[in-house]
Amino acid sequence: MFKIKTLLWIAVPALLAAACSEDKKSSSQAGKRTIFFDKSGMDTTVNPAENFFRYANGTWLKKTEIPASETGWGSFYVLEDDNQKNLRKILEEASSSENEAGSITQKVGAFYASGMDTIAIDKRGYEPVKPLLTRLEGLKSPGDLVDFAVSDYKDGNGFLFEFYVGPDDKISTKNAVNFQQTGLGLPNRDYYFNNDEASEKIRKAYVKYIGKLFSLTGTDSVTSVKKAQEILRLETKIARSHSTPVELRDPVKNYNKFAVSDFQKKIPDYDMKEILRKLELNTDTILVGQPAYYTALVALLKTEPLQSWKDKLKFEAISSSAAYLSKPFREARFDFYGKTLNGQKQQKDRWKQMVSKTDESLGELLGQLYVEKHFPPDAKERMLKLVDNLQKVYQSRIEKLDWMSAATKKRALEKLNTFVKKIGYPDKWKSYNDVEVLKDKYYENLQAVARHDFKKMTSKLGKPVDKAEWYMTPPTVNAYYNPPFNEIVFPAGILQFPFFDNNADDAINYGAIGAVIGHEMTHGFDDQGRQYDKDGNLKDWWTKTDTEKFNEKAKVVGDQYSKYTVLDNLKVNGQLTMGENIADIGGLAIAYEAFKLTNQGKSSEKIDGFSPDQRFFLSFAQVWRIKNRDERMRMRISVDPHSPEEFRVNGPLSNMPEFYKAFNVKAGDKMYRDESQRVKIW
């Protein structure tokens with residue numbers, strides 16, 4: 001799927017974010033009103049002008065222990081945990097009831113039940129993938145490998161190729177096929193080449209994991225190790241063709257349109273038209289995000305031993321299915337991807353795994369049941385008002401910009417005022433009528449969903465883009481901006497305490513969900529999003545002078561965040577995190593101004609000793625409090641376009657004079673940045 005700009009980074013095994021079990025609603029006796037701020041989690045021995053993140057969250061950070069089944073802990077985790085409990089009730093009721101065949105409750109209930117039946121799953125061992133492994137062993141040539149990869153793509157097996165059907169970045173109303181780089185089992189290319197101790201440890205563990213999977217399928221230990229070492233060697237060669245995480249952020253560089261006949265010249269040994277036909281892609285034009293991967297793939301298929309390729313695809317077949325096979329396979333996969341890469345101590349409870357998998361697989365069926373119980377219409381109305389308020393503030397701020405020309409301002413305002421706003425859940429739900437779900441066939445249920453997803457994806461080709469489609473499910477604790485749709489999307493899952501509550505005062509809601517709204521809006525104008533016009537087309541609508549001025553201002557952001565370090569002096573990548581940092585800074589500034597306009601004429605009384613402005617900033621800081629395991633943080637620095645939470649708080653605040661005034665920040669304080677160094681974009 002094409003890239004969307006999220007509030008958070010989502011990856012196995014958990015969401016990232018921030019808050020705590022102490023985040024309880026309490027009553028203020030003096031004002032006789034409900035408040036939504038955890039004062040006990042603060043560390044008032046820390047000067048807020050030195051480190052506001054620690055001031056707002058320090059006691060919580062000291063006292064909170066990360067659960068063994070998690071890679072971190074905080075508000076997003078807590079809210080996700082609450083949502084999972086609510087979904088569990090829905091699914092357990094559905095799975096234990098007699099439901100009409102083919103109904104929503106039957107499908108989600110049967111899917112959940114099939115995955116909960118670990119006794120049946122364990123009895124099958126790795127039997128579900130045996131046919132794949134047998135077919136792989138019988139392949140006789142590189143051409144056979146390509147045919148195998150093509151024929152199995154529709155079952156969810158993404159060997160050699162990776163593609164999606166979605167909006168053409170330069171013709172946003174038209175769907176196109178977009179091929180992407182693939183072929184690596186480690187998070188990105190850097191893991192194959194970094195020579196630090198942690199990276200070398202990960203590569204050794206990766207080889208051990210590969211060997212373990214071969215051993216579990218009957219290969220002797222010596223041969224298993226040899227195969228694993230050979231696969232790492234082959235993947236290292238593949239990795240050389242991959243773009244870096246920073247390079248992948250450049251939408252222009254990653255937009256490469258080819259006539260199929262022209263791309264054929266880059267892969268002369270294979271019939272691209274026939275490949276597309278077998279993939280059910282009827283097109284004479286394709287987009288290729290990273291052509292270097294495909295030219296390297298063709299060369300490596302010719303020069304590397306056939307057996308090495310067969311073993312690599314066998315490993316991919318087993319590894320991609322390991323979480324759905326018997327216990328030894330599940331444990332082997334967890335030991336590497338959970339423990340080694342993320343520092344997770346133990347697997348999540350099975351019911352949590354299956355709640356997540358049901359949401360991932362049948363999300364808009366489960367989502368219908370979820371919003372009926374947990375997202376009332378009045379919450380959607382209040383949220384829309386918040387969005388509209390921030391949009392008005394954003395318009396005013398663009399109109400007042402002193403660095404942008406009138407011509408570019410006009411187009412920026414047109415883009416802002418054509419934002420599509422999606423809140424809570426889709427107006428039109430996806431159908432899964434072609435998916436048959438059985439209570440005793442977990443692996444087959446997954447294949448049925450994969451075939452459905454493939455069919456739905458390929459059927460888009462030749463049709464107009466459906467801009468009503470959602471790319472997150474309703475229970476998701478996240479939000480996103482989607483450049484080709486020029487839309488901001490807020491699923492029902494995040495529109496709950498501590499981000500949003502109808503009973504909370506404006507300072508709390510604007511500091512929390514207001515900053516989230518502003519963040520997603522600003523993604524439309526960050527270093528990537530600004531390159532798309534009001535219709536979602538990748539198009540240069542800026543004057544040359546305005547582009548130069550924007551880039552100068554963005555450089556200040558990159559320089560600021562590149563100085564931040566974690567762990568053993570591991571530096572934040574200011575270029576990788578550029579877009580999210582711009583969105584954090586702009587989003588908070590917009591949320592604050594919207595809060596001040598909304599709060600005009602209202603009481604300025606202190607609550608729990610804090611003024612409305614102070615509560616706004618404290619609400620923002622406590623939403624982002626989180627503890628990460630070291631392994632998780634190390635991986636995030638390499639792959640995550642979001643900065644660590646401490647800098648998502650201190651970074652934006654250090655650029656805000658209003659924060660300085662609220663907490664008496666002065667020159668010489670660590671939170672203070674000289675005016676010439678402050679970020680001033682949006």
Side-chain angles (χ1 to χ4, degrees), residues 1 12-13 84 87-133 135 151-159 280 316-331 333-334 347-370 429-459 472-476:
M1 190 196 78
V12 175
Q84 284 198 316
L87 291 170
R88 182 188 190 184
K89 291 179 183 177
I90 293 170
L91 288 168
E92 289 191 344
E93 181 178 336
S95 64
S96 61
S97 304
E98 289 295 326
N99 301 302
E100 181 183 351
S103 65
I104 292 175
T105 50
Q106 184 273 322
K107 287 184 177 180
V108 298
F111 188 93
Y112 179 77
S114 71
M116 289 298 293
D117 190 357
T118 53
I119 294 175
I121 293 169
D122 288 344
K123 283 182 179 178
R124 299 184 75 182
Y126 72 100
E127 175 260 327
V129 298
K130 280 184 179 178
L132 268 180
L133 303 182
R135 286 174 52 212
S151 65
D152 278 78
Y153 203 100
K154 64 187 66 178
D155 288 330
N157 300 318
F159 304 114
E280 301 177 15
E316 289 182 7
I318 305 166
S319 182
S320 62
S321 299
Y324 321 124
L325 303 177
S326 61
K327 186 176 182 179
F329 291 90
R330 298 196 299 269
E331 289 182 340
R333 183 173 175 84
F334 172 75
Q347 294 191 56
K348 289 178 179 288
D349 292 339
R350 184 68 185 182
W351 71 263
K352 287 187 176 183
Q353 296 179 45
M354 281 312 304
V355 164
S356 296
K357 196 62 186 176
T358 307
D359 182 43
E360 177 189 329
S361 302
L362 300 171
E364 289 200 14
L365 294 185
L366 181 58
Q368 292 177 58
L369 304 179
Y370 173 80
W429 296 99
K430 293 177 182 177
S431 169
Y432 298 81
N433 291 337
D434 59 336
V435 178
E436 182 182 12
V437 185
L438 304 173
K439 270 192 173 184
D440 58 349
K441 297 291 182 183
Y442 182 45
Y443 191 85
E444 286 74 9
N445 290 339
L446 291 166
Q447 286 189 309
V449 170
R451 285 190 288 269
H452 162 85
D453 290 344
F454 178 86
K455 183 178 179 181
K456 181 174 179 60
M457 176 182 67
T458 56
S459 70
M472 283 180 181
T473 66
T476 302

> Tell me, which pairs form a salt bridge (charged side-chain N to carboxylate O under 4.0 Å, His left out) where one or both residues lie in residues 106-133, sequence neighbours left out?
Asp122-Arg330, Arg124-Glu127, Arg124-Glu444

> On a heavy-atom basis, which atom in Pro474 and which in Gly363 lie closest, and how many Å separate them?
CD-O, 4.0 Å

> What closest approach, in Å, do Gly367 and Pro475 show between heavy atoms, and which atom pair accounts for it?
CA-CD, 4.4 Å

> Supply the atom-to-atom distance Tyr370 OH to Leu91 CG, rounded to the nearest 0.5 angstrom.
12.5 Å

> Nearest 0.5 Å, please: how far is OG in Ser361 from CG in Leu366?
10.5 Å

> Are the side chains of Ser114 and Leu438 in touch, meaning some heavy atoms are under 4.5 Å apart?
no

> Listed by chain and number, what are the ring-ring contact (aromatic ring centres under 6.0 Å, His included) partners of Tyr153, not counting sequence neighbours?
Phe163

> CE of Met116 to NZ of Lys439: how many Å apart, nearest 0.5 Å?
12.5 Å

> Using modelled atom types only, decide if a donor and an acceptor are shared between the side chain of Ser321 and the backbone of Ile318 within a distance under 3.5 Å.
no

> Which pair of non-hydrogen atoms, one from Glu280 and one from Thr458, has the smallest distance, and what is that distance?
O-CB, 3.9 Å

> Please check if the side chain of Asp155 supplies one atom and the backbone of Ala450 the other of a donor-acceptor pair under 3.5 Å.
no

> Please round to the nearest 0.5 Å and tell me the distance separating atom CH2 of Trp429 and atom CD1 of Ile104.
8.5 Å

> Between Ile121 and Tyr324, which heavy-atom pair has the shortest distance, and what is it?
CG2-O, 3.7 Å

> If you take all heavy atoms of Gly125 and Phe329, which pair is closest and at what distance?
C-CE1, 4.5 Å

> Kindly compute the distance separating CZ (Phe111) from CD (Glu360), expressed to the nearest 0.5 Å.
8.0 Å

> Does the Ser97 side chain pair with the main chain of Ala94, one donor and one acceptor, at a distance under 3.5 Å?
no

> So, the side chain of Asn445 versus the backbone of Lys441: is there a donor-acceptor pair under 3.5 Å, distance only?
yes

> Can Arg135 and Asp152 be said to form a side chain to side chain contact (heavy atoms under 4.5 Å, CB included), step by step?
CA-CA 11 Å; Arg135 286 174 52 212; Asp152 278 78; 2.8 Å; yes

> About how many Å separate CD of Gln353 and CD of Gln84, when rounded to the nearest 0.5 Å?
10.0 Å

> Do Glu331 and Lys327 pass the side chain to side chain contact (heavy atoms under 4.5 Å, CB included) test, and can you show the C-alpha distance, the side-chain angles, and the key distance before you say yes or no?
CA-CA 6 Å; Glu331 289 182 340; Lys327 186 176 182 179; 2.9 Å; yes

> Considering only heavy atoms from C-beta outward, does the side chain of Lys456 approach that of Asp434 to under 4.5 Å?
no

> Tell me whether the count of non-hydrogen atoms from other residues, nucleotides or ligands lying under 6.0 Å of CD in Gln447 goes above 12.
yes

> With distance as the sole test, does Glu364 use its side chain to make a donor-acceptor pair with the main-chain N or O of Tyr432 at under 3.5 Å?
no

> Salt bridge (charged side-chain N to carboxylate O under 4.0 Å, His left out): which pairs involve residues 92-105, sequence neighbours left out?
Arg88-Glu92

> Which is it for Tyr442 and Met354 under the side chain to side chain contact (heavy atoms under 4.5 Å, CB included) test, yes or no, and what are the steps along the way?
CA-CA 11 Å; Tyr442 182 45; Met354 281 312 304; 3.5 Å; yes

